[in-house]
Amino acid sequence: MLSLDQALAHYAQLKALPTQQSLALEDAHCRVLATDLTSTLDLPPMRQSAMDGYAVHASDLRHATTQPVELPVTQSIAAGDTPRPLPAGQCARIFTGAPLPDGADSVEIQENVHADATRAVFTQTVQSGRHVRQRGEEVQAGQVLLHAGQRLNAARLSIAAGAGHAQVPCRAQSRVAIIVSGSELVAPGSERGPAQIFESNGSFLAHFVRDQGARVSRLTRCPDDPAQLSACVGAALDDCDMLLISGGASVGDHDHSRAACQANAVHELFWKVAQKPGKPLSFGRGPDGQAVFVLPGNPASVYACAMLHVRIALAHLCGVTAPAPLHAKLTQPVSGDQRRTRLLRVCVAADASGQLTARPLPHQASHMTSNLASANALARIEAGQDWPAGHIVSCWLNTDLG
Ligand SMILES: Nc1nc2c(c(=O)[nH]1)N[C@H]1C(S)=C(S)[C@@H](COP(=O)(O)OP(=O)(O)OC[C@H]3O[C@@H](n4cnc5c(N)ncnc54)[C@H](O)[C@@H]3O)O[C@H]1N2
Ligand code: MOO
């Protein structure tokens, strides 16, 4: 049996898919950037007013506090207009985002000015540069704004748009095939016999895969039948980069998933990890290098194996940084398992002093999942340890921070 760390170390062998494609911004959500993205222009691209008011030469107003200064308003500049140069002794009506006319060096907000359409009276001095956004003050043309390997969320896509990109270079999307095995399973909503249960791992895995920015290439349900399972595995391997099989990972007479993989030339690299839940996890490589997981069918085992093992493996396949644990303080004592690392479903939150805490949730058995409604992390409890409240534990959050 492998230790958890030995198992996780295996996924570094998975290399990001070499192919990339240029995608329109609207199609790139959740995809992974293939190369650094630079700005096509300075940002802001011109000197702009930051406020609604009057563009002036600050030197014209240097005595305005002792003696009000009246200036003619010689132009009005809205965002998108091209202004004329502003001679000294004049001011320009100007609005937020509008280009500053040459000559002007500052903007007085309209609340401080008595004005009509042709004349404006100033009673305060203004500092040169006041309420002016300088060209390139944030970003220079050619500057790297987004880095290869970053997942494109809404905010990052808006950066790409603001920097002038209609398309972004993205890594090819990983295709993940899912097989859900089990003769006792019926689809939610359908008629259920007394010994049957509603199938939930398929839905979880499909949404989980999409959350990671990968594509579900197929989702197949299969009874515990060796021949049918072997055929399903063969078909799934034809169009996937990763195969996830739920159930049939253990040693019972009806557990055929590993044999079905073997029959399809999957080379198993490990079976059984010293973790709880999820011990009978198997990982191997298909004939074309596909990453193949057989996930122990208990729903909480599928959850823990997906959140940790599959997520790290997919991060390598997608070319994004693998999730790293953060540290939080246990809110109550926890006992470790004798031999296996426990992966405890916890709720991580900040306490009043700002320190992160991990609150272990009830119902931790591997067939129980009701606590996933509030779990936002898996805490790692080492084998043979009894940890008091306040002990600092490693926690993998459900969602990536970066
Ligand atoms: N003699 C032993 N028995 C078991 C061992 C062992 O070491 N020796 N390991 C146990 C552990 S640990 C786990 S975990 C399970 C894993 O078993 P399988 O991967 O073979 O999973 P199944 O038998 O197919 O299912 C287990 C459990 O989960 C339910 N299930 C399965 N699929 C779904 C689904 N899609 N949706 C909802 N529920 C599902 C299934 O009905 C079973 O109750 O093996 C132990 N046994
Ligand atoms: O490893 Mo199993 O998931 O504990 O029940």
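We count ligands from 1, going down the list as the structure has it; atoms in each ligand are counted the same way. Hydrogens, waters and symmetry mates are skipped; everything else that's a heavy atom, side chains included, is used.
- The protein heavy-atom contact nearest to atom 26 (C) of ligand 1 is Asn298 N, 3.6 Å.
- Of all atoms in ligand 1, listed by their number and element, those nearer than 4.0 Å to a heavy atom of Pro296 are 14 (S), 16 (C), 19 (O).
- Polar contact with ligand 2: present for Arg340 (N/O pair, distance under 3.5 Å).
- Of the candidates Ser250, Ser200, Ala195, the one placing a heavy atom closest to atom 3 (N) of ligand 1 is Ser250.
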Under the salt bridge (Lys or Arg N to Asp or Glu O under 4.0 Å) rule, what do Glu382 and Arg380 come out as? Steps first, then yes or no, please.
CA-CA 6 Å; Glu382 299 306 341; Arg380 174 183 179 142; 2.6 Å; yes
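- The ligand atoms of ligand 2 that sit less than 4.0 angstrom from a heavy atom of Lys279 are 1 (O).
- At least one heavy atom of Gly278 sits closer than 4.0 Å to an atom of ligand 2.
- With distances taken over non-hydrogen atoms, the option nearest atom 1 (N) of ligand 1 out of Val180, Val251, Asp255 is Val251.
- Given atom 34 (C) of ligand 1, the protein heavy atom at minimum distance is Asn201 ND2, 3.2 Å.
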Could you walk me through whether Asp351 and Thr357 pass the side chain to side chain donor-acceptor pair (under 3.5 Å) test, one step at a time?
CA-CA 7 Å; Asp351 67 13; Thr357 59; 5.9 Å; no
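- Atom 41 (O) of ligand 1 has as its closest protein heavy atom Glu184 OE2, 2.5 Å.
- Of the N or O atoms in Ser366, one or more lie within a sub-3.5 Å distance of an N or O in ligand 2.
- Less than 4.0 angstrom separates some heavy atom of Glu199 from each of these atoms of ligand 1: 34 (C), 35 (N), 36 (N).
- Close contacts of ligand 2 with Asn298, meaning ligand atoms under 4.0 Å from a residue heavy atom, involve 5 (O).
- Open room surrounds CD on Glu191; 12 or fewer heavy atoms of other groups in view lie less than 6.0 Å from it.
- For atom 30 (N) of ligand 1, the closest non-hydrogen atom of the protein is Gly297 O, 3.4 Å.
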